[in-house]
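Residues: numbered from 1 along the sequence shown. Only this structure's heavy atoms are used, side chains among them; waters, hydrogens and symmetry mates stay out.
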Amino acid sequence: KWNPPNPDVTVDAGDQPPFPWEYVNLDDILSDLKLPPSTMEVPIPRYFKEDSATIHRTRDRTIAGYMSMKLGCNEVLVEEEEANEASTVGQMTYEQAVEAIQRNERGRQGKQRANFVKEMRDDDRRKKNFVVDSSTMDTDPEIAAANIQRLFRGYYSRSNAIRERDE
C-alpha cells in the first residue's frame, strides 16, 4: 500500500522524480490468492525501465570505468557453483521429509509449552505479590508488614523524586 508524503514536509528534489519506485508490491494479492511468490513471474513495466534507464546507464558506465582503472579489464568472470551439488542437497526421501516435519512440529510444540509454563509461573508470582487474602493477612503478619513497607517506600521515593524535580 502506498501512502503519499505530507505536502507540507516534502523537499524539492530538483531533477529527480518525486517517487523513484522500482517495484510494485503484490504481497496482498499473493496472500489473498494463497500463492507462493515463486508461482508468479511479474514482468517489469516498460515505463519503469524507461524512467530509470539513464540512471542505470550512468551506473554501468561508472562501474566499467572503475573496472578498467583498477583491474585493467572490461569484464570480470564469476565462477559458477556446481549445479550438481545444489541439486542433490535439496532432494530427500519421503521418510526423511516426514521426520523433518515431525521434528519441527515437536520443537514448535515444545517452545509453545515452555512459553505457557513461563506465563503461568509469572502469573502465580504476580498473584502472590498483589492479591490480598484475608486468611493470609491474619495468619502471617510478617508478609503484611513487608507489603506495607514496600508500598510506603515506593510512595516515599516517588514523592522525593517529584520534589527534587520541582526544585
Side-chain angles (χ1 to χ4, degrees), residues 1-127 129-130 154 157-158 160-167:
K1 296 181 179 181
W2 177 71
N3 293 325
N6 186 350
D8 298 332
V9 183
T10 56
V11 179
D12 186 24
D15 295 337
Q16 290 184 336
F19 305 107
W21 304 115
E22 291 191 16
Y23 64 92
V24 177
N25 190 359
L26 298 173
D27 291 341
D28 296 333
I29 296 170
L30 287 175
S31 63
D32 290 343
L33 296 174
K34 297 182 180 175
L35 294 173
S38 60
T39 60
M40 187 172 164
E41 184 175 331
V42 181
I44 299 172
R46 187 173 355 119
Y47 58 89
F48 283 148
K49 292 179 184 177
E50 292 171 357
D51 288 346
S52 60
T54 57
I55 296 169
H56 289 263
R57 262 189 258 118
T58 56
R59 182 191 63 197
D60 291 341
R61 277 192 232 128
T62 306
I63 291 172
Y66 283 134
M67 285 175 48
S68 64
M69 185 172 63
K70 295 289 183 182
L71 302 174
C73 62
N74 291 335
E75 292 181 357
V76 176
L77 299 176
V78 179
E79 296 179 10
E80 295 183 13
E81 296 180 15
E82 294 182 16
N84 297 337
E85 234 178 82
S87 63
T88 56
V89 172
Q91 295 177 353
M92 63 173 60
T93 64
Y94 180 76
E95 289 80 17
Q96 290 173 338
V98 169
E99 288 175 5
I101 292 171
Q102 287 177 346
R103 192 174 341 142
N104 289 337
E105 181 62 20
R106 288 178 184 149
R108 184 194 66 79
Q109 288 176 356
K111 285 181 183 179
Q112 187 178 17
R113 193 176 307 117
N115 287 336
F116 178 71
V117 169
K118 182 180 177 187
E119 288 177 12
M120 294 299 293
R121 195 178 313 127
D122 291 344
D123 288 344
D124 289 343
R125 282 191 193 129
R126 269 190 239 111
K127 287 178 184 176
N129 287 336
F130 294 110
S157 63
R158 282 191 298 275
N160 279 343
I162 291 171
R163 199 175 322 115
E164 288 177 9
R165 183 180 44 203
D166 292 340
E167 290 176 357

With rounding to the nearest 0.5 angstrom, report the CD to CD1 distance, E164 to I162.
11.0 Å
May I have all residue pairs that pass salt bridge (charged side-chain N to carboxylate O under 4.0 Å, His left out) and include part of residues 98-109, sequence neighbours excluded?
E105-R108
Side-chain donor/acceptor pairs under 3.5 Å, residues 66-73, sequence neighbours excluded:
from, atom 1, to, atom 2, distance (Å)
S68, OG, A64, O, 3.3
S68, OG, G65, O, 2.9

List, one per line, each side-chain donor-acceptor pair under 3.5 Å for residues 113-124, sequence neighbours excluded.
from, atom 1, to, atom 2, distance (Å)
N115, ND2, K111, O, 3.4
D123, OD1, R126, NH1, 2.7

Is there a donor-acceptor pair under 3.5 Å between the side chain of S52 and the backbone N or O of I55?
no
So how far is it from I63 CD1 to T58 OG1, rounded to the nearest 0.5 Å?
9.5 Å
